[in-house]
Amino acid sequence: MEIINRRQRMASVARRLRREEDKTIGLVPTMGALHEGHLSLVREARRMCDVVVVSVFVNPAQFGPGEDFQRYPRDLTGDTTKLSDYNVDYIFAPAPEEVYPKNFSTYVTVEGLSEPMEGVARPGHFRGVATVLTVLFNTIRPDFAFFGQKDAQQTLVVRRLVRDLAFDLEVVVLPTVREQSGLALSSRNAYLGEDGRRAAAVLYRALSQAREVYLEGERNPKRLAEAVRSQFDSEPRARLEYVGVVDAETMEKFDRLPEDRPVLIALAAHVGQTRLIDNIVIQPARQKTRTAAET
Ligand code: AMP
(Lines give C-alpha, C1' and ligand atoms only; values in the text may rest on other atoms or scores of the structure.)
Protein backbone atom coordinates (compact mmCIF):
# COMPACT_ATOMS: atom_id res chain seq x y z
CA MET A 1 0.00 0.00 0.00
CA GLU A 2 1.26 3.43 -0.91
CA ILE A 3 0.20 6.73 0.59
CA ILE A 4 0.10 9.43 -2.05
CA ASN A 5 -0.01 13.10 -1.13
CA ARG A 6 0.48 14.74 -4.51
CA ARG A 7 -2.19 15.16 -7.12
CA GLN A 8 0.32 14.73 -9.96
CA ARG A 9 1.63 11.47 -8.56
CA MET A 10 -1.89 10.15 -8.02
CA ALA A 11 -2.81 11.01 -11.60
CA SER A 12 0.26 9.36 -13.08
CA VAL A 13 -0.12 6.18 -11.00
CA ALA A 14 -3.78 5.91 -12.02
CA ARG A 15 -2.93 6.57 -15.67
CA ARG A 16 -0.36 3.78 -15.68
CA LEU A 17 -2.76 1.32 -14.01
CA ARG A 18 -5.43 2.13 -16.55
CA ARG A 19 -3.39 2.34 -19.72
CA GLU A 20 -0.51 -0.06 -19.26
CA GLU A 21 -1.96 -2.58 -16.88
CA ASP A 22 -5.60 -2.38 -17.98
CA LYS A 23 -6.77 -2.44 -14.36
CA THR A 24 -10.19 -1.38 -13.11
CA ILE A 25 -9.94 1.25 -10.41
CA GLY A 26 -12.34 1.68 -7.50
CA LEU A 27 -12.37 4.95 -5.56
CA VAL A 28 -13.75 5.31 -2.04
CA PRO A 29 -13.84 9.02 -1.19
CA THR A 30 -13.74 9.71 2.58
CA MET A 31 -12.83 12.36 5.09
CA GLY A 32 -10.98 9.80 7.22
CA ALA A 33 -11.46 8.83 10.89
CA LEU A 34 -12.56 5.58 9.33
CA HIS A 35 -15.16 3.28 10.87
CA GLU A 36 -17.07 0.18 9.80
CA GLY A 37 -19.32 2.27 7.54
CA HIS A 38 -16.35 3.39 5.45
CA LEU A 39 -14.84 -0.08 5.61
CA SER A 40 -17.99 -1.64 4.17
CA LEU A 41 -17.41 0.51 1.08
CA VAL A 42 -13.76 -0.51 0.96
CA ARG A 43 -14.71 -4.19 1.21
CA GLU A 44 -17.06 -3.90 -1.75
CA ALA A 45 -14.51 -1.91 -3.76
CA ARG A 46 -11.97 -4.65 -3.05
CA ARG A 47 -14.44 -7.26 -4.28
CA MET A 48 -15.32 -5.40 -7.47
CA CYS A 49 -12.12 -3.74 -8.62
CA ASP A 50 -8.52 -4.65 -9.44
CA VAL A 51 -7.14 -1.60 -7.69
CA VAL A 52 -8.64 0.22 -4.71
CA VAL A 53 -7.89 3.86 -3.95
CA VAL A 54 -9.24 5.40 -0.75
CA SER A 55 -9.07 9.16 -0.57
CA VAL A 56 -8.73 10.69 2.88
CA PHE A 57 -9.34 14.40 2.68
CA VAL A 58 -11.17 16.69 5.06
CA ASN A 59 -12.52 18.95 2.38
CA PRO A 60 -12.60 22.57 3.53
CA ALA A 61 -14.95 23.55 0.71
CA GLN A 62 -17.81 21.49 2.09
CA PHE A 63 -17.75 23.06 5.55
CA GLY A 64 -19.55 26.31 6.25
CA PRO A 65 -18.34 29.08 8.52
CA GLY A 66 -18.77 28.07 12.15
CA GLU A 67 -18.87 24.37 11.29
CA ASP A 68 -16.43 21.77 12.62
CA PHE A 69 -13.73 21.83 9.90
CA GLN A 70 -10.93 22.62 12.37
CA ARG A 71 -11.89 20.05 14.96
CA TYR A 72 -13.11 17.31 12.56
CA PRO A 73 -11.41 14.06 13.73
CA ARG A 74 -8.20 13.31 11.84
CA ASP A 75 -6.29 10.05 12.29
CA LEU A 76 -4.28 9.17 9.21
CA THR A 77 -2.10 6.73 11.16
CA GLY A 78 -5.12 4.78 12.42
CA ASP A 79 -6.74 4.96 9.00
CA THR A 80 -3.60 3.61 7.34
CA THR A 81 -3.54 0.60 9.67
CA LYS A 82 -7.19 -0.18 8.97
CA LEU A 83 -6.82 0.19 5.21
CA SER A 84 -3.72 -2.01 5.04
CA ASP A 85 -5.78 -4.75 6.73
CA TYR A 86 -8.24 -4.43 3.86
CA ASN A 87 -5.59 -4.73 1.17
CA VAL A 88 -6.13 -1.25 -0.16
CA ASP A 89 -3.64 -0.35 -2.87
CA TYR A 90 -3.42 3.43 -2.49
CA ILE A 91 -4.42 6.04 0.04
CA PHE A 92 -4.72 9.45 -1.56
CA ALA A 93 -4.29 11.97 1.27
CA PRO A 94 -3.57 15.35 -0.29
CA ALA A 95 -3.04 18.61 1.59
CA PRO A 96 -5.72 21.25 0.86
CA GLU A 97 -3.41 23.18 -1.46
CA GLU A 98 -2.94 20.08 -3.63
CA VAL A 99 -6.67 19.91 -4.26
CA TYR A 100 -7.19 23.67 -4.30
CA PRO A 101 -4.04 25.24 -5.74
CA LYS A 102 -3.49 28.98 -5.50
CA ASN A 103 -6.18 30.98 -7.33
CA PHE A 104 -8.50 27.99 -7.51
CA SER A 105 -11.73 29.50 -8.74
CA THR A 106 -13.85 26.83 -10.44
CA TYR A 107 -16.73 25.29 -8.53
CA VAL A 108 -19.37 22.77 -9.50
CA THR A 109 -23.00 23.28 -8.50
CA VAL A 110 -25.64 20.59 -8.87
CA GLU A 111 -28.83 22.60 -9.00
CA GLY A 112 -32.14 21.37 -7.63
CA LEU A 113 -31.07 18.24 -5.75
CA SER A 114 -28.57 20.27 -3.69
CA GLU A 115 -31.18 22.73 -2.53
CA PRO A 116 -33.60 21.18 0.00
CA MET A 117 -32.80 19.63 3.40
CA GLU A 118 -28.99 19.63 3.82
CA GLY A 119 -28.83 22.37 1.20
CA VAL A 120 -30.91 24.67 3.40
CA ALA A 121 -29.10 23.68 6.58
CA ARG A 122 -25.60 23.85 5.06
CA PRO A 123 -25.52 26.33 2.18
CA GLY A 124 -22.58 25.62 -0.13
CA HIS A 125 -22.04 22.13 1.30
CA PHE A 126 -22.91 20.22 -1.87
CA ARG A 127 -21.01 22.71 -4.01
CA GLY A 128 -17.96 21.74 -1.98
CA VAL A 129 -18.76 18.04 -2.33
CA ALA A 130 -19.38 18.23 -6.08
CA THR A 131 -16.22 20.27 -6.61
CA VAL A 132 -13.90 17.96 -4.68
CA LEU A 133 -15.40 14.90 -6.35
CA THR A 134 -14.84 16.47 -9.74
CA VAL A 135 -11.18 16.98 -8.89
CA LEU A 136 -10.88 13.41 -7.52
CA PHE A 137 -12.68 11.86 -10.50
CA ASN A 138 -10.53 13.77 -12.97
CA THR A 139 -7.32 12.93 -11.11
CA ILE A 140 -7.98 9.23 -10.62
CA ARG A 141 -10.50 8.43 -13.39
CA PRO A 142 -11.98 5.53 -11.42
CA ASP A 143 -14.23 2.94 -13.04
CA PHE A 144 -16.33 2.75 -9.87
CA ALA A 145 -16.88 5.19 -7.01
CA PHE A 146 -18.39 3.99 -3.73
CA PHE A 147 -20.73 5.95 -1.46
CA GLY A 148 -22.85 5.24 1.61
CA GLN A 149 -26.62 5.53 1.79
CA LYS A 150 -25.98 7.23 5.14
CA ASP A 151 -25.63 10.46 3.14
CA ALA A 152 -28.76 9.96 1.06
CA GLN A 153 -28.94 13.39 -0.51
CA GLN A 154 -25.24 13.25 -1.33
CA THR A 155 -25.77 10.03 -3.29
CA LEU A 156 -28.42 11.73 -5.41
CA VAL A 157 -26.22 14.77 -5.97
CA VAL A 158 -23.30 12.52 -6.94
CA ARG A 159 -25.35 10.45 -9.37
CA ARG A 160 -26.58 13.63 -11.02
CA LEU A 161 -23.06 15.10 -11.14
CA VAL A 162 -21.73 11.95 -12.80
CA ARG A 163 -24.54 11.86 -15.34
CA ASP A 164 -24.58 15.55 -16.18
CA LEU A 165 -20.82 16.00 -16.53
CA ALA A 166 -20.47 12.62 -18.28
CA PHE A 167 -17.92 11.11 -15.92
CA ASP A 168 -17.13 7.64 -17.24
CA LEU A 169 -17.69 5.80 -13.99
CA GLU A 170 -20.33 3.87 -12.12
CA VAL A 171 -21.62 5.11 -8.78
CA VAL A 172 -22.12 2.31 -6.25
CA VAL A 173 -24.24 3.06 -3.19
CA LEU A 174 -24.11 0.73 -0.17
CA PRO A 175 -26.37 0.44 2.88
CA THR A 176 -25.90 2.38 6.10
CA VAL A 177 -23.92 0.51 8.74
CA ARG A 178 -25.38 0.92 12.23
CA GLU A 179 -24.57 0.16 15.83
CA GLN A 180 -26.79 -2.31 17.64
CA SER A 181 -28.84 0.61 18.97
CA GLY A 182 -29.57 1.66 15.39
CA LEU A 183 -27.26 4.67 15.58
CA ALA A 184 -25.64 5.12 12.16
CA LEU A 185 -21.86 5.00 12.32
CA SER A 186 -20.33 8.41 11.71
CA SER A 187 -16.94 9.97 12.29
CA ARG A 188 -18.83 12.65 14.23
CA ASN A 189 -20.02 10.06 16.77
CA ALA A 190 -16.53 10.53 18.24
CA TYR A 191 -17.83 13.86 19.59
CA LEU A 192 -20.52 12.08 21.60
CA GLY A 193 -19.98 10.83 25.13
CA GLU A 194 -21.61 7.65 26.38
CA ASP A 195 -24.75 9.57 27.29
CA GLY A 196 -24.84 11.37 23.93
CA ARG A 197 -24.51 8.09 22.10
CA ARG A 198 -27.50 6.69 23.96
CA ALA A 199 -29.48 9.85 23.21
CA ALA A 200 -28.49 9.70 19.53
CA ALA A 201 -30.26 6.38 19.11
CA VAL A 202 -33.43 8.47 18.85
CA LEU A 203 -32.57 9.34 15.21
CA TYR A 204 -33.05 5.79 14.00
CA ARG A 205 -35.84 5.10 16.47
CA ALA A 206 -37.76 8.04 15.03
CA LEU A 207 -37.15 6.92 11.45
CA SER A 208 -38.23 3.39 12.31
CA GLN A 209 -41.39 4.73 13.93
CA ALA A 210 -42.20 6.66 10.75
CA ARG A 211 -41.67 3.48 8.76
CA GLU A 212 -44.14 1.65 11.04
CA VAL A 213 -46.71 4.35 10.50
CA TYR A 214 -46.14 4.12 6.72
CA LEU A 215 -46.51 0.34 6.80
CA GLU A 216 -49.79 0.75 8.68
CA GLY A 217 -51.00 2.58 5.60
CA GLU A 218 -50.34 6.26 6.29
CA ARG A 219 -49.48 8.10 3.07
CA ASN A 220 -49.61 11.68 4.28
CA PRO A 221 -45.98 12.83 4.54
CA LYS A 222 -46.90 15.33 7.27
CA ARG A 223 -48.12 12.48 9.47
CA LEU A 224 -44.87 10.58 8.93
CA ALA A 225 -42.94 13.71 9.90
CA GLU A 226 -45.12 13.99 13.00
CA ALA A 227 -44.25 10.42 13.93
CA VAL A 228 -40.57 11.40 13.77
CA ARG A 229 -41.15 14.57 15.82
CA SER A 230 -43.05 12.75 18.53
CA GLN A 231 -40.05 10.45 19.14
CA PHE A 232 -37.82 13.48 19.52
CA ASP A 233 -40.31 14.98 21.98
CA SER A 234 -39.54 12.06 24.27
CA GLU A 235 -35.74 12.56 24.08
CA PRO A 236 -34.84 15.93 25.62
CA ARG A 237 -31.10 15.47 24.95
CA ALA A 238 -31.68 15.60 21.16
CA ARG A 239 -33.09 18.40 19.03
CA LEU A 240 -34.56 17.74 15.60
CA GLU A 241 -33.36 20.25 12.99
CA TYR A 242 -35.45 19.05 10.07
CA VAL A 243 -37.21 16.00 8.77
CA GLY A 244 -38.03 15.58 5.07
CA VAL A 245 -40.32 13.00 3.50
CA VAL A 246 -39.68 12.98 -0.25
CA ASP A 247 -39.33 10.85 -3.35
CA ALA A 248 -36.15 8.82 -2.82
CA GLU A 249 -34.88 9.42 -6.36
CA THR A 250 -36.01 12.93 -7.24
CA MET A 251 -36.47 14.50 -3.78
CA GLU A 252 -39.84 15.67 -5.00
CA LYS A 253 -42.38 16.51 -2.28
CA PHE A 254 -45.85 15.03 -2.31
CA ASP A 255 -49.15 15.83 -0.59
CA ARG A 256 -49.81 12.12 -0.66
CA LEU A 257 -47.06 9.55 -1.14
CA PRO A 258 -47.47 7.46 -4.30
CA GLU A 259 -47.63 3.68 -3.89
CA ASP A 260 -45.18 2.93 -6.68
CA ARG A 261 -42.22 5.11 -5.68
CA PRO A 262 -39.53 4.67 -2.99
CA VAL A 263 -39.85 7.19 -0.17
CA LEU A 264 -36.91 8.83 1.56
CA ILE A 265 -37.30 9.99 5.13
CA ALA A 266 -34.23 12.02 6.05
CA LEU A 267 -33.43 14.09 9.11
CA ALA A 268 -30.77 16.10 10.86
CA ALA A 269 -30.59 16.50 14.61
CA HIS A 270 -28.36 17.93 17.29
CA VAL A 271 -27.21 15.98 20.31
CA GLY A 272 -25.42 18.53 22.45
CA GLN A 273 -23.02 20.32 20.09
CA THR A 274 -22.96 17.43 17.62
CA ARG A 275 -24.94 17.55 14.41
CA LEU A 276 -25.97 14.16 13.03
CA ILE A 277 -27.92 13.05 9.95
CA ASP A 278 -29.70 9.82 9.14
CA ASN A 279 -32.34 8.48 6.78
CA ILE A 280 -34.29 5.45 5.67
CA VAL A 281 -35.75 4.53 2.31
CA ILE A 282 -39.06 2.69 2.16
CA GLN A 283 -39.32 0.65 -1.01
CA PRO A 284 -42.74 0.35 -2.63
CA ALA A 285 -44.56 -2.89 -1.88
CA ARG A 286 -44.09 -5.37 -4.69
CA GLN A 287 -46.94 -5.33 -7.18
CA LYS A 288 -49.36 -8.14 -6.46
CA THR A 289 -49.13 -9.78 -9.88
CA ARG A 290 -48.98 -13.52 -9.91
CA THR A 291 -45.75 -14.87 -11.30
CA ALA A 292 -45.55 -17.98 -13.45
CA ALA A 293 -44.20 -19.91 -10.46
CA GLU A 294 -47.24 -19.03 -8.37
CA THR A 295 -49.83 -20.08 -10.94
P1 AMP B 1 -17.29 10.76 5.14
O2 AMP B 1 -15.94 10.34 5.58
O3 AMP B 1 -18.23 11.07 6.27
O4 AMP B 1 -17.26 11.82 4.07
O5 AMP B 1 -17.93 9.47 4.46
C6 AMP B 1 -17.30 8.86 3.37
C7 AMP B 1 -18.24 7.86 2.75
O8 AMP B 1 -18.59 6.88 3.72
C9 AMP B 1 -19.55 8.50 2.28
O10 AMP B 1 -19.94 7.93 1.05
C11 AMP B 1 -20.50 8.14 3.38
O12 AMP B 1 -21.85 8.07 2.96
C13 AMP B 1 -19.99 6.78 3.78
N14 AMP B 1 -20.44 6.45 5.13
C15 AMP B 1 -20.30 7.19 6.25
N16 AMP B 1 -20.90 6.61 7.29
C17 AMP B 1 -21.45 5.46 6.82
C18 AMP B 1 -22.22 4.41 7.42
N19 AMP B 1 -22.56 4.42 8.69
N20 AMP B 1 -22.61 3.39 6.61
C21 AMP B 1 -22.27 3.36 5.29
N22 AMP B 1 -21.55 4.32 4.69
C23 AMP B 1 -21.15 5.35 5.44
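Both ligands and their constituent atoms are indexed starting at 1 by order of listing.
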*Any idea which of Leu39, Asp151, Leu185 brings a heavy atom closest to atom 14 (N) of ligand 1?*
Asp151
*salt_bridge(Asp75, Lys82) N-O dist < 4.0 Å*: no
_salt bridge (charged side-chain N to carboxylate O under 4.0 Å, His left out) evaluation trace for Asp195 with Arg237_ = CA-CA 9 Å; Asp195 192 52; Arg237 295 168 296 181; 2.5 Å; yes
_Are any of the N/O atoms on Ala184, whether in the backbone or the side chain, positioned under 3.5 angstrom from an N/O atom of ligand 1?_
no
*Measure from atom 9 (C) of ligand 1 to every heavy atom in Gln154, Met31, Arg178, Gln62 and give the option owning the shortest one.*
Gln154
*Atoms in ligand 1 with a heavy atom of Thr30 nearer than 4.0 Å*: 2 (O), 6 (C)
*Below 3.5 angstrom, do we get any N/O pair linking Val177 and ligand 1?*
yes
Using a 3.5 Å cut-off and no angle test, enumerate the donor-acceptor pairs between side-chain atoms of residues 137-146 and protein atoms at least two apart in sequence or in another chain.
residue, atom, partner, partner atom, Å
Asn138, ND2, Thr134, O, 3.3
Thr139, OG1, Val135, O, 2.6
Arg141, NE, Asn138, O, 3.4
Asp143, OD2, Ile25, N, 2.7

*asked:* Using a 3.5 Å cut-off on N or O atoms only, is Ser187 in polar contact with ligand 1?
replied: no
*Tell me which one of Gly148, Pro29, Ala33 gets a heavy atom nearest to atom 6 (C) of ligand 1.*
Pro29
*asked:* Are the side chains of Val99 and Asn59 in contact, using a 4.5 Å heavy-atom criterion?
replied: no
*For atom 21 (C) of ligand 1, closest protein heavy-atom neighbour*: Pro175 O, 3.4 Å
*More than 12 heavy atoms from other groups under 6.0 Å of CG on Asp255*: no
*If we only count N/O pairs under 3.5 Å, is Thr176 in contact with ligand 1?*
no
_I'd like to know if Glu36 pairs up with Arg178 as an ion pair, taking the criterion as any Lys NZ or Arg NE/NH1/NH2 lying under 4.0 Å from an Asp or Glu carboxylate oxygen._
no
